[in-house]
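Here the structure comes first, spelled out in structure tokens, and everything after it is commentary.
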Amino acid sequence: MARRGAAALALALALLAVALAGAAAQGAAVEDPDYYVQEIWSREPYYARLEPEPFSPPLPAGPGEEERKLRASEPRPPKKATKPKKAPKREKLAPETPPPGKKSNRKGVKTKSSEKAAGDDHRVPVARDAVREGCPPLGLETLKITDFQLHASTSKRYGLGAHRGRLNIQAGINENDFYDGAWCAGRNDLHQWIEVDARRLTKFTGVITQGRNSLWLSDWVTSYKVMVSNDSHTWVTVKNGSGDMIFEGNREKEIPVLNELPVPMVARYIRINPQSWFDNGSICMRMEILGCPLPDPNNYYHRRNEMTTTDDLDFKHHSYKEMRQLMKVVNEMCSNITRIYNIGKSHQGLKLYAVEISDHPGEHEVGEPEFHYIAGAHGNEVLGRELMLLLLQFLCQEYLARNSRIVRLVEETRIHIIPSLNPDGYEKAYEGGSELGGWSLGRWTHDGIDINNNFPDLNTLLWGAEDRQNIPRKVPNHYIAIPEWFLSENATVAVETRAVIAWMEKIPFVLGGNLQGGELVVAYPYDMARSTWQMQEHTPTPDDHVFRWLAYAYASTHRLMTDARRRVCHTEDFQKEDGTVNGASWHTVAGSLNDFSYLHTNCFELSIYVGCDKYPHESELPEEWENNRESLIVFMEQVHRGIKGLVRDLHGKGIPNAVISVEGVNHDIRTASDGDYWRLLNPGEYMVTAKAEGFTSSTKNCIVGYDMGATQCDFTLSKTNLARIREIMEKFGKQPVSLPARRLKLRGRKRRQRG
């Protein structure tokens, strides 16, 4: 009896504890309004509010089918309320209002079905204010949505699985492999679907769709239904009055089509159910979902993984006018270290603006290296452009705050930044918006030229001369002249390309990076394969080890490039080379900026692909800035690696155009107009020779250390005997004797004497 009494007492105490815990949780919910709203949705599943039976796509019959249907029709019991954890002071949430850059006059298609009212059907919960609000993409294109969050009814094969159903994803060269260009259903019937698990309650506002990316096939969905669910078992179809709403899909495979939901839908899962498709094709689609994740104070995981930034910068997409105004603001804030200039005009007459950042803007300081960033050669690759504008603001603010690292960089380097090399193309992409521009809207110049591949092909000239053994007797291994046909007015050369060439010839750049988009990798030259007709072939430069170091310097300090767990953007996995790649081994390109810069100037140029999404939503810019900020600074600092110095005559005057050769490296550089030079090299010991016309050459042993800062290696050259004779005779008004001419005169005299 004593044991039973003790057990009864223990049970009573346990029940009392449970009751008190429930009361405490209820009190906590009342104290926190956001928590209370969250509990409303979790306690009353959507299917519990519905009239008769919601739409649920039939699944293929199989073992346990009836049991699964019964489980799906039964509402799950609500979870017990728990006391919420204290939210952080600054919780970064997705924006609830459309940003300025998200305009309605987009180039993509906005279908009529999205304008139809939903009638008086209130069976699906909507936002309490019932106001249409724009939401950013969930992140299918940016890979924020992982492959594990995408599911489909069926698929033709792994390469056409649900994980490939991402907006703007590109197919591989061989489409019948692991990397195809869409999700494609295994069967063409009305029971097929693809769904996204947002992993938290989300206010869905729209769907963007594309067809399959393919050179050979035409597959796209022409209409579809949209369904939402809170448990992935019971689904609510978006209604139009009393019937299911049919959304108009695509009319071709590449132009994105936006359908806004008649009212925002709050749920965890969203499913697309194709209803019709192109007659001669299959059910294939790529998509993006627009939605605002709702605050969830209970979920520490999401708050911990949200990316925030402490930099007070202007995170938005800037039109051409806004870009110019921002440059002006930065120039006014930091007038002592900045200068705005332009290198020319675009085809449409827009100025190609550049910003110089230096402690003595407007002049080349002897011994100070020149660095540049170029962005926006492809007008639709917008992320690079915005990163450059953010970098301008950051350098100005940190210099004013006396950040020692930035102050040292600005005072020891002359930095040039061109945010938008193709403003004509950008204006087209900007008008389309970040989700509806597709893969190529605004890529080319106004006259249809790809700037990045519009430079003279000097590789063929160099390799042809090497094959004929004319190096360096007839063709040098550096400073290769531009062919005459390229300089003619009839050549297919963009005005923007000519402006960049003139700019690079005028300023003695040492290192440069051109920012591009659509991938996450750093590509180094050569970009052109040496073997004819080879699409992919590893083709290194004589400075391959230096280029690999420079590429790795950026990739290794980027937050994602060297992450082995990262999903590939489209088809290429660059992790085997730590987020770097030789351009020609990726895909061969003739006339690239990287190859031209290396063979025609002193500048070592690399292509930096800063993101899978060429034109990310404004809400993604703070995170993209955090991904790239350290890399952008580290890459600029690499201009101080290697050797530097002055080449002077016996009177201390700088010798321009002197050749600097490194033993074992078949690529030379030349001194600038003041006789100063910079030669990028990895740590090691090098035999370096300086030579100039009319001077005797000089060789030195130069050691490059591991610490940041170039090794000083100066040369003093004396004139040759012939040069001295010429100088003396010119000084006294006499010309050196020409022996061949003298012989001709003597022969003439002898003939006259004989006659």
Please walk me through it: do His416 and Phe509 pass side-chain contact (heavy atoms from CB on, under 4.5 Å)?
-> CA-CA 9 Å; His416 304 257; Phe509 289 116; 3.5 Å; yes

Heavy-atom neighbours of Lys700 NZ exceed 12 at 6.0 Å | yes

So do His478 and Ile669 actually touch side chain to side chain, heavy atoms under 4.5 Å?
-> no

Check whether any side-chain N or O of Asp595 sits under 3.5 Å from a backbone N or O of Met528 as a donor-acceptor pair, and report yes or no.
-> yes

Is it the case that Tyr554 and Asn628 place a side-chain donor and acceptor less than 3.5 Å from each other?
-> yes

With the threshold set at 4.0 Å, does a side-chain nitrogen-carboxylate oxygen contact exist between Lys144 and Asp613?
-> no

From CG (Leu515) to NE2 (His378), nearest 0.5 Å | 12.5 Å

For residues Arg648 and Gly652, report the shortest heavy-atom separation together with the two atoms involved.
-> CD-O, 3.4 Å

Do any N or O atoms from the side chain of Thr699 and from the backbone of Met687 form a donor-acceptor pair under 3.5 angstrom?
-> no

Does the ring center of Tyr598 lie less than 6.0 Å from the ring center of His667?
-> yes

Where the side chain of Asp668 meets the backbone of Asn477, is there a donor-acceptor pair that is under 3.5 Å apart?
-> no

Rounded distance [0.5 Å steps], OH in Tyr609 versus CD in Glu381 | 7.5 Å

Considering residues, nucleotides and ligands other than His587, do more than 12 of their heavy atoms fall under 6.0 Å from its NE2?
-> yes

Glu693, CD atom: more than 12 neighbouring heavy atoms under 6.0 Å | no

Main-chain N/O of Cys569 paired to Glu519 side chain as donor or acceptor, under 3.5 Å = no

Any luck finding a side-chain donor-acceptor pair between Ser718 and Thr696 under 3.5 Å?
-> yes

Indicate the ring-plane relationship of Trp549 and Tyr552, choosing parallel, tilted or perpendicular according to the 30° and 60° boundaries.
-> tilted

So how far is it from Ile655 CD1 to Leu646 CG, rounded to the nearest 0.5 Å?
-> 10.5 Å

Any sub-3.5 Å donor-acceptor pair from Glu386's side-chain atoms to His317's backbone N or O?
-> no

Identified side chain to side chain donor-acceptor pair (under 3.5 Å) partner of Arg443 from the options Asn422, Asp450, Asn380 = Asp450

Glu626 versus Thr310, closest heavy-atom pair with distance = OE2-N, 4.4 Å

Is there a side-chain contact between Ile418 and Trp503 (heavy atoms, below 4.5 Å)?
-> yes

Are any of the side-chain heavy atoms of Glu637 and Ile633 separated by less than 4.5 Å?
-> yes

Going by heavy atoms in the side chains, are Leu392 and Ile417 under 4.5 Å from each other?
-> yes

For the pair Asp311 (side chain) and Phe394 (backbone), establish whether a donor and an acceptor sit closer than 3.5 Å, ignoring hydrogens and angles.
-> no

List the steps, then state whether side-chain contact (heavy atoms from CB on, under 4.5 Å) holds for His347 with Thr445.
-> CA-CA 8 Å; His347 188 275; Thr445 63; 5.6 Å; no

Keeping the roles fixed (side chain from Ser585, backbone from Asn582), state whether a donor-acceptor pair exists under 3.5 Å.
-> yes

Trace of the side-chain contact (heavy atoms from CB on, under 4.5 Å) decision for Ile415 with Met636 = CA-CA 8 Å; Ile415 304 167; Met636 286 190 287; 3.9 Å; yes

Looking at CZ of Arg408 and NE2 of His640, how far apart are the two atoms once the value is rounded to the nearest 0.5 Å?
-> 9.0 Å

CG (Leu520) and CD1 (Ile608) are apart, to the nearest 0.5 Å, by 11.5 Å

Donor-acceptor under 3.5 Å (Gln638 side chain, Ala553 main chain) = no

Would Arg414 and Glu370 pass as an ion pair if we require N to O under 4.0 Å?
-> yes

Salt-bridge test for Arg405 and Glu630: reply yes if a basic N is under 4.0 Å from a carboxylate O, no otherwise.
-> yes

Should the ring pair Tyr524 and Phe547 be called parallel, tilted or perpendicular, given that the plane angle runs from 0 to 90° and is split at 30 and 60?
-> parallel

Looking only at non-hydrogen atoms, find the nearest pair between Tyr399 and Asn336 and report the distance.
-> CE2-ND2, 4.1 Å

Value rounded to 0.5 Å, distance of CZ in Phe371 from OG1 in Thr413 = 9.0 Å

Hey, mind stepping through Arg548 and Asp578 against salt bridge (charged side-chain N to carboxylate O under 4.0 Å, His left out) and telling me if it holds?
-> CA-CA 10 Å; Arg548 290 167 67 91; Asp578 294 316; over 6 Å; no

Does the side chain of Val330 reach to within under 4.5 Å of the side chain of Met333, using non-hydrogen atoms?
-> no

Locate the shortest heavy-atom distance separating Val647 from Ala690; write the atom from each residue and the value.
-> CG2-CB, 4.3 Å

If only atom types and distance count, is the side chain of Glu496 paired as donor or acceptor with the main-chain N or O of Ile451 below 3.5 Å?
-> no

Between Ser346 and Pro423, the two heavy atoms sitting closest are CB-CG, 4.0 Å

Note: Ile337 and Pro361 closest approach over all heavy atoms is C-CG, 4.1 Å

Kindly determine whether Leu599 and Asn459 satisfy side-chain contact (heavy atoms from CB on, under 4.5 Å), including the steps that lead there.
-> CA-CA 8 Å; Leu599 295 177; Asn459 303 59; 3.9 Å; yes

Quick one: does Phe604's side chain get under 4.5 Å of Arg679's, heavy atoms only?
-> yes

Hey, is the main chain of Leu593 close enough, under 3.5 Å, to the side chain of Glu605 for a donor-acceptor pair?
-> no

Checking Arg339 against Tyr341: charged group under 6.0 Å from the ring centre and within 45 degrees of the axis?
-> yes

Walk me through it: do Glu505 and His600 pass the test side-chain hydrogen bond (donor to acceptor under 3.5 Å, both in side chains)?
-> CA-CA 8 Å; Glu505 289 178 336; His600 185 67; 2.7 Å; yes

Cys603 versus His372: any side-chain heavy-atom pair under 4.5 Å?
-> yes

For residues Glu618 and Ser434, determine if any side-chain heavy atom of one lies less than 4.5 Å from a side-chain heavy atom of the other.
-> no

